[in-house]
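This report refers to the structure that appears directly beneath it.
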Amino acid sequence: MKRIFIVSVFFFMLFHHAFAEVASDSSDPAIVRTEYTLEDLYAIALERSERVGIARQNLSIAERGKEKAVSSLLPRATAFGDYTRYSEEKKASGDEGGFTIQPESSSSWGMRLDQSISLGGRELTNLRISKEAIESSRYDLYTIREDYVLTVAASFYDVLSASKAVDISKANVQRLTKYRDDATTRLKVGEVTKTAVLRAEAELSGAQSDLIRAENVLSLAKAVLARIVGLQGDFDLRETNGAGDITASSTGGLEQLSALKDEAIRERSDLKSARLQELIAKDQVKYAKGSYWPTLSFEGVYLQREEEPSSSFFNDESTYGILRLEFPFFEGGLRKAEVGEAQARKMQARLSHDDLRKTVAIDVETAYLELKTQIGTLKSLEDQLKFARENYDAVSKQFTFGLATSIDVIDANTLLLESERQLIRAQYGYKLALLKLQRATGTLLKTVNSKQ
């Protein structure tokens with residue numbers, strides 16, 4: 001009875017310890033695995049990205065610039081006051097009954113309302129520039145968001161491709177293990193020599209090394225994706241809308257290249273920003289030329305003063321206005337230099353816009369040809385994989401029955417392995433090429449937003 005009790009206590013402690021370990025593991029947030037789709041990663045990355053955050057702050061700065069431009073059109077109200085203490089009181093006649101020319105102390109306070117306007121309309125031009133700068137910053141933010149979406153997608157497909165590569169390497173290890181076992185069996189019955197088994201062992205060892213490398217590549221790809229998106233802990237990825245297996249028959253057709261280029265000219269946000277930069281440069285020339293016009297200023301003041309002691313002629317309250325017209329007729333060539341600088345920047349903006357239009361056309365054509373290449377490659381790679389798999393199955397059976405050599409099996413397995421890898425690269429290459437074409441035409445972020 002005592003022995004049964006001791007055994008019962010032992011098993012109770014063992015199960016309790018195991019349960020405690022499971023409970024602690026399940027509560028550890030570091031090992032919680034979360035599954036994400038590409039759309040989930042888009043949303044997370046756009047929210048957490050530092051680059052996107054910097055672009056948002058640039059937009060905020062541009063909006064504050066508009067507020068500064070508006071403030072220059074409004075009058076400025078100022079309150080002021082001062083107190084002066086003199087060393088001694090002084091009188092005009094030098095005696096007690098004379099006129100006070102310097103009191104012991106004096107103070108004053110008042111309000112001032114002033115406004116200055118250039119007759120060349122520089123303030124209105126500056127306001128227009130600030131509005132255009134806000135629109136330009138919005139397009140820049142859109143461009144950065146779209147670029148980041150493409151970066152996330154590329155890293156997403158890198159992880160999926162690396163994961164498929166691990167699966168392919170595992171299947172290769174299984175095939176070579178079976179081949180090694182078959183070679184060992186045939187060696188025992190004397191149908192093959194020792195070299196066939198050694199060759200099988202060598203091929204299996206190489207496949208196991210490839211599997212380790214593939215797993216390390218997958219770990220690195222997941223680390224890069226986690227850094228780009230801002231993920232914590234372990235995670236899994238899932239493709240949506242049946243996008244796991246792309247075939248040549250599911251790729252569809254392509255629009256005409258000329259239509260895609262026209263769409264890019266209309267939709268590319270960086271091109272829209274370049275157009276606005278050109279308009280801003282034109283307005284900056286107008287702003288610089290406005291310095292040749294005079295400046296009209298108005299100032300209204302209410303002033304209250306006190307003196308101790310005060311004289312009978314002392315005026316303790318004043319209200320007055322000043323209207324001033326200023327025209328600097330010589331400033332050492334500053335205005336001419338500013339106008340020349342603005343005109344040079346205008347030329348730079350126009351050239352940058354023209355250069356970007358040409359770059360956009362090349363981007364579209366490059367992405368179009370890359371996608372076209374991927375579509376054309378898929379069909380041949382699908383056929384190649386089909387034939388390679390049938391060939392391996394046939395050769396493997398022939399080797400089992402002694403109708404094929406070990407070299408035939410190795411060649412068939414190598415062909416099958418390379419065909420699987422090439423097809424996976426082509427499938428994910430097609431998906432990424434499609435996104436690159438959407439990015440080149442400026443429709444990627446619009447497509448992403450429509451799916452969320």
Return yes if some donor-acceptor pair links the side-chain N/O of [X] with the main-chain N/O of [Y] below 3.5 Å, else return no.
X	Y	value
S291	A288	yes
E146	L444	yes
Y428	V159	no
D354	L351	no
S136	E132	no
E123	S118	yes
S60	R56	no
S163	L160	no
S161	Y157	no
R122	Y287	yes

CA sep, side-chain torsions, deciding dist, call: R389, D393, salt bridge (Lys or Arg N to Asp or Glu O under 4.0 Å): CA-CA 6 Å; R389 186 174 287 118; D393 292 340; over 6 Å; no
- prompt: Can you check salt bridge (Lys or Arg N to Asp or Glu O under 4.0 Å) on D383 and K379, steps first, answer last?
  reply: CA-CA 6 Å; D383 295 338; K379 176 60 178 173; 3.6 Å; yes
message: For a quick check under 3.5 Å, do S273 and D140 share a side-chain donor-acceptor pair by atom type?
response: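 Side chains of S273 and D140: pair found under 3.5 Å.
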query: So, D40 versus T37: side-chain donor-acceptor pair below 3.5 Å or not?
result: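 A donor-acceptor contact under 3.5 Å links the two side chains.
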So for atom [atom1], which belongs to [X], do other residues, nucleotides or ligands contribute more than 12 heavy atoms lying within a distance under 6.0 Å?
X	atom1	value
E47	CD	no
R335	CZ	yes
R324	CZ	no
L325	CG	yes
F401	CZ	no

Distance, nearest 0.5 Å, that separates [atom1] of [X] from [atom2] of [Y]:
X	Y	atom1	atom2	result
T414	E203	OG1	CD	6.0 Å
F156	L38	CZ	CG	5.0 Å
R213	L211	CZ	CG	10.0 Å
R268	R275	CZ	CZ	11.0 Å
L127	S72	CG	OG	7.5 Å
D158	K222	CG	NZ	14.0 Å

Test applied, side-chain contact (heavy atoms from CB on, under 4.5 Å); reference residue, [X]; option that passes from [options]:
X	options	result
L371	L432, L437, T366	L437
R350	K346, M347, Q348	M347
Y430	T373, T377, I375, L435	I375

message: Go through it in stages, so that I can follow the logic: the residues are D408 and T405, the test is side chain to side chain donor-acceptor pair (under 3.5 Å), and I'd like the CA-CA distance, side-chain angles, deciding distance and then a yes or no.
response: CA-CA 5 Å; D408 295 333; T405 65; 3.1 Å; yes
Salt bridge (Lys or Arg N to Asp or Glu O under 4.0 Å) between D147 and R51, intermediate numbers included: CA-CA 10 Å; D147 288 338; R51 279 186 284 172; over 6 Å; no
- request: Just do the side chain to side chain donor-acceptor pair (under 3.5 Å) check on D270 and T143 with the steps written out, would you?
  value: CA-CA 6 Å; D270 51 352; T143 300; 4.9 Å; no
query: Please walk me through it: do T443 and E267 pass side chain to side chain donor-acceptor pair (under 3.5 Å)?
result: CA-CA 7 Å; T443 59; E267 299 293 337; over 6 Å; no
- prompt: What's the verdict on salt bridge (Lys or Arg N to Asp or Glu O under 4.0 Å) for E418 and R425, showing C-alpha distance, side-chain angles and the deciding distance?
  reply: CA-CA 11 Å; E418 190 61 27; R425 286 194 293 265; 3.5 Å; yes
